[in-house]
Visitor: 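One structure, as structure tokens, below. Some questions next.
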Amino acid sequence: MRVVLIAVVITLLCAIAVDSCLPTDLAALEAVKASLTESNLGLFNTWSGTDCCLNWYGVSCDPSTRRVVDLNLRGESEDPILSKSGQSGFMSGSIAPEICNLDGLTTLVIADWKGLSGQIPQCLTFLSSLRVLDLTGNKLSGVIPTDIGKLKMLRVLNLADNQIAGDIPASIVNLAGLMHLDLRNNKLTGGVPAGFSNMKMLSRALLSGNQLTGSIPESIGNMPRLADLDLSRNHISGSIPDSLGNMRVLSTLNLDGNAISGELPTTLLSNHGLGILNLSRNSIEGNIPDVFHGNSYFMVLDLSYNNLKGKIPGTLSSAKYIGHLDLSHNHLCGNIPMGDPFDHMDASSFTNNDCLCGNPLSTC
């Protein structure tokens with residue numbers, strides 16, 4: 001009889017365990033829910049009961065440990081709940097520090113809610129298994145956690161479109177496995193951190209729309225996987241490092257809207273892989289290097305609003321493809337070359353220079 005009773009008790013305990021998630025995870029999620037307000041879609045109506053691993057919107061658990069591993073709350077997505085409502089989400093409140101008790105998290109996404117404010121909890125840097133941290137599209141303020149570099153497993157860091165201020169933490173360069181960095185459209189100051197090139201796995205570095213100062217580190221040219229570098233709309237000064245033109249996988253370089261000076265690196269315009277190059281609205285001077293070739297393929301080549309002088313390079317005619325070309329608002333002079341790609345360009349691509357002439361401008 002005692003054996004039967006023990007077996008029944010064990011069975012009941014197992015049933016209870018199966019029908020609930022870890023108490024610390026449950027308490028953490030309840031604190032997160034209490035700190036947020038989302039009334040348009042009723043997403044948190046699903047957050048009830050003791051089993052946060054069962055049908056809680058945006059929550060996923062490890063089936064073997066029943067620990068919460070993913071928290072994915074995105075206000076603009078293809079989720080059926082959002083699609084059916086025909087509207088994007090709106091959430092207010094702040095991120096409760098208790099979220100850091102979800103120490104099994106690998107993915108944390110609370111993005112595109114527009115009204116979410118407050119600061120990023122500093123304790124997030126203790127989530128040692130975190131691979132994706134995406135808090136884009138809110139109204140978060142304060143600073144990026146100083147010890148962000150402790151997140152050794154992090155592959156994606158997206159804090160774009162917030163109101164985050166202060167310097168980019170020096171420790172960020174310790175994220176050796178980071179592949180995607182997006183800090184666009186915040187209020188970040190200071191320079192690109194020393195040692196930025198230590199992030200050898202980084203393929204996208206999007207830092208536009210901030211208040212960054214200083215020059216572009218020469219060492220960025222040593223980043224073997226960097227394909228997209230965007231430092232536009234900052235206060236970057238100095239010249240463009242020659243090393244950027246030697247990067248084998250760099251395909252997009254946006255440096256527009258800064259205070260960059262000096263001359264155009266020859267290596268940059270002769271790079272075989274670069275497809276989007278926007279250097280407009282700077283103070284770049286000198287001639288445009290005559291180094292284009294049959295493998296030059298620019299979807300965008302924008303050198304407008306600078307202090308460039310001399311002639312338009314004749315080798316541009318040998319380029320394999322030039323989509324959008326803008327050389328306006330410089331000090332260029334002479335004949336606009338004939339033939340492709342110039343035959344399909346509008347006059348706006350060449351206006352406000354010193355003495356350019358020929359189709360599509362007035363005859364020489």
Side-chain angles (χ1 to χ4, degrees), residues 11-140 145 151 153-159 162:
T11 301
L12 289 172
L13 289 174
C14 290
I16 293 172
V18 168
D19 292 336
S20 63
C21 55
L22 202 69
T24 54
D25 285 0
L26 180 62
L29 288 174
E30 288 176 338
V32 169
K33 177 182 177 180
S35 69
L36 300 173
T37 300
E38 192 286 303
S39 56
N40 291 348
L41 304 171
L43 300 181
F44 289 127
N45 292 340
T46 64
W47 286 30
S48 61
T50 60
D51 189 4
C52 58
C53 297
L54 180 64
N55 297 327
W56 280 40
Y57 179 84
V59 178
S60 299
C61 298
D62 183 308
S64 58
T65 64
R66 298 189 66 76
R67 293 298 309 276
V68 175
V69 291
D70 294 343
L71 179 57
N72 194 333
L73 302 174
R74 190 179 294 279
E76 294 181 358
S77 70
E78 297 179 358
D79 187 282
I81 294 179
L82 294 169
S83 299
K84 186 177 180 179
S85 70
Q87 59 182 334
S88 59
F90 182 87
M91 184 186 293
S92 59
S94 59
I95 302 174
E98 287 86 353
I99 200 169
C100 302
N101 294 331
L102 298 171
D103 54 11
L105 277 182
T106 61
T107 299
L108 174 56
V109 178
I110 306 178
D112 299 319
W113 291 105
K114 304 178 183 65
L116 188 65
S117 59
Q119 300 188 11
I120 301 171
Q122 294 284 323
C123 58
L124 288 182
T125 60
F126 292 105
L127 300 178
S128 58
S129 298
L130 204 60
R131 297 175 64 87
V132 176
L133 177 57
D134 187 350
L135 304 177
T136 188
N138 295 298
K139 289 184 178 179
L140 298 176
L151 298 175
M153 300 296 291
L154 202 63
R155 299 296 179 263
V156 174
L157 176 58
N158 190 349
L159 305 178
N162 281 288

Visitor: Give, for atom CE of Met153 and atom CG of Leu133, the distance between the pair rounded to the nearest 0.5 Å.
Guide: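 Answer for the CE-CG pair, Met153 versus Leu133, is 14.5 Å.
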Visitor: Identify the residue among Leu105, Val69, Val68, Asn101 that makes a side-chain contact (heavy atoms from CB on, under 4.5 Å) with Asp25.
Guide: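 Looking at Leu105, Val69, Val68, Asn101, the match for Asp25 under the side-chain contact (heavy atoms from CB on, under 4.5 Å) is Val68.
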Visitor: Atom CD1 of Ile99 and atom CG of Leu124: how far apart are they, to the nearest 0.5 Å?
Guide: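 That separation rounds to 6.5 Å.
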Visitor: Check Cys52 against Leu26 and note the closest heavy-atom contact, atom names and distance.
Guide: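 Scanning both residues completely, I find the closest heavy atoms to be CB-CD1, 4.3 Å.
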Visitor: I'd like to know if the side chain of Asn162 and the backbone of Asn138 have a donor-acceptor N/O pair within less than 3.5 Å.
Guide: yes
Visitor: State, to 0.1 Å, how close Cys123 and Pro97 come at their nearest heavy-atom pair, and which atoms those are.
Guide: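 In terms of heavy atoms, the two residues are closest at SG-O, 3.6 Å.
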Visitor: Leu71 and Val59: side-chain contact (heavy atoms from CB on, under 4.5 Å), yes or no, with the steps?
Guide: CA-CA 5 Å; Leu71 179 57; Val59 178; 3.9 Å; yes
Visitor: Nearest 0.5 Å, please: how far is CD1 in Ile95 from CG in Leu73?
Guide: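 Answer for the CG-CD1 pair, Leu73 versus Ile95, is 10.0 Å.
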Visitor: Can you tell me how far CG of Leu41 sits from CZ of Phe90, rounded to the nearest 0.5 angstrom?
Guide: 12.0 Å
Visitor: How long is the straight-line distance from OG1 of Thr46 back to CG of Leu54, given to the nearest 0.5 Å?
Guide: 10.0 Å
Visitor: Looking at every non-hydrogen atom in both residues, tell me the closest pair between Phe44 and Lys33 and how far apart they are.
Guide: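 Answer, listing the atom of Phe44 first, then Lys33: O-NZ, 3.3 Å.
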Visitor: Is there less than 2.5 Å between the SG of Cys21 and that of Cys61?
Guide: no
Visitor: Table please: side-chain donor-acceptor pairs of residues 125-132 below 3.5 Å, with sequence neighbours left out.
Guide:
{"unit_1": "Thr125", "atom_1": "OG1", "unit_2": "Gln122", "atom_2": "O", "d": "3.1"}

Visitor: Are the side chain of Trp47 and the backbone N or O of Tyr57 linked by a donor-acceptor pair below 3.5 Å?
Guide: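 Present.
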Visitor: Would you say Thr37's side chain and Ser92's backbone share a donor-acceptor pair under 3.5 angstrom?
Guide: no
Visitor: Compare every heavy atom of Leu36 with every heavy atom of Ser94, then report the nearest pair and how far apart it is.
Guide: O-CD2, 3.2 Å
Visitor: For the pair Asp112 and Arg74, find out whether any cationic side-chain nitrogen is under 4.0 Å from an anionic carboxylate oxygen.
Guide: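 Yes.
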Visitor: Could you tell me whether the side chain of Arg66 and the main chain of Ser64 form a donor-acceptor pair under 3.5 Å?
Guide: no
Visitor: Is atom NZ of Lys139 surrounded by more than 12 heavy atoms (other residues, nucleotides or ligands) closer than 6.0 Å?
Guide: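 Open: at most 12 neighbouring heavy atoms sit under 6.0 Å from NZ of Lys139.
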Visitor: Side chains of Leu157 and Leu151: does their closest heavy-atom pair fall under 4.5 Å?
Guide: no
Visitor: Measure across Ala96 and Pro121 and return the closest heavy-atom pair with its distance rounded to 0.1 Å.
Guide: O-CG, 4.3 Å
Visitor: Have Asp134 and Thr136 got a donor and an acceptor in their side chains that come within less than 3.5 Å?
Guide: no
Visitor: At what distance, to the nearest 0.5 angstrom, does CD1 of Ile110 lie from CE of Met91?
Guide: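 So the CD1 of Ile110 and the CE of Met91 are separated by 7.5 Å.
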Visitor: Kindly say whether Gly93 contributes a backbone atom to a donor-acceptor pair with the side chain of Trp113 at under 3.5 angstrom?
Guide: no
